[in-house]
Amino acid sequence: NREEALAAPGPYDLALIDLALEADRGDELIAELRQLGRLGRAILMTGSASLPPEATHGSDAVLRKPFELEELHRVIEALLSAEPAGVGEG
């Protein structure tokens with residue numbers, strides 16, 4: 001949940017965050033972690049067929065559930081091999 005993510009020691013090189021959190025939205029958590037300079041790459045997961053366009057603005061990738069582990073692996077590998085996202089620069 002949001003409180004645990006913000007309280008945990010960071011920064012995070014990569015986070016896999018669901019759009020639907022207990023009392024929050026995953027895209028808002030991504031934005032907050034980025035604003036704090038504590039997040040490199042972010043993958044947003046959703047089971048929703050329709051995703052508001054603004055929900056994807058802070059994420060580097062979106063995975064629609066259910067997804068295969070191979071797809072998750074491919075996305076993680078691509079994101080981690082890309083240029084650094086500037087963790088700790090915020």
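Model, not experiment: these values are computed from the prediction.
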Any link between [X] and [Y] through a network of hydrophobic side chains (Ile, Leu, Val, Met, Phe, Trp, Tyr) touching at under 4.5 Å?
X   : Y   : answer
L39 : I43 : no
L14 : L36 : no
F67 : V62 : no

Shortest non-hydrogen contact from [X] toward [Y]:
X   : Y   : value
P11 : G37 : CB-O, 4.3 Å
L33 : A5  : CD2-O, 4.3 Å
S50 : S48 : O-OG, 2.5 Å
A42 : G58 : CB-O, 4.5 Å

All N/O donor-acceptor pairs, side-chain side in residues 16-26, below 3.5 Å, sequence neighbours left out:
from, atom 1, to, atom 2, distance (Å)
D18, OD1, A20, N, 2.9
D18, OD2, K65, NZ, 2.4
R25, NE, D27, OD1, 2.9
R25, NH2, D27, OD1, 3.4
R25, NH2, D27, OD2, 2.7

Original post:
Which residues satisfy the salt bridge (charged side-chain N to carboxylate O under 4.0 Å, His left out) test with E32, sequence neighbours excluded?
Top reply: R2

What is the distance from atom [atom1] of [X] to atom [atom2] of [Y], rounded to the nearest 0.5 Å?
X   : Y   : atom1 : atom2 : answer
E71 : I76 : CD    : CD1   : 11.0 Å
L80 : D13 : CG    : CG    : 7.0 Å
L44 : R64 : CG    : CZ    : 9.5 Å

Original post:
Less than 4.5 Å apart, any side-chain heavy atom of N1 and any of L29?
Top reply: no

Original post:
Does the side chain of R34 reach to within under 4.5 Å of the side chain of I30, using non-hydrogen atoms?
Top reply: yes

**OP:** Check the surroundings of atom CD in E68: do more than 12 heavy atoms from other residues, nucleotides or ligands lie under 6.0 Å from it?
**Re:** no

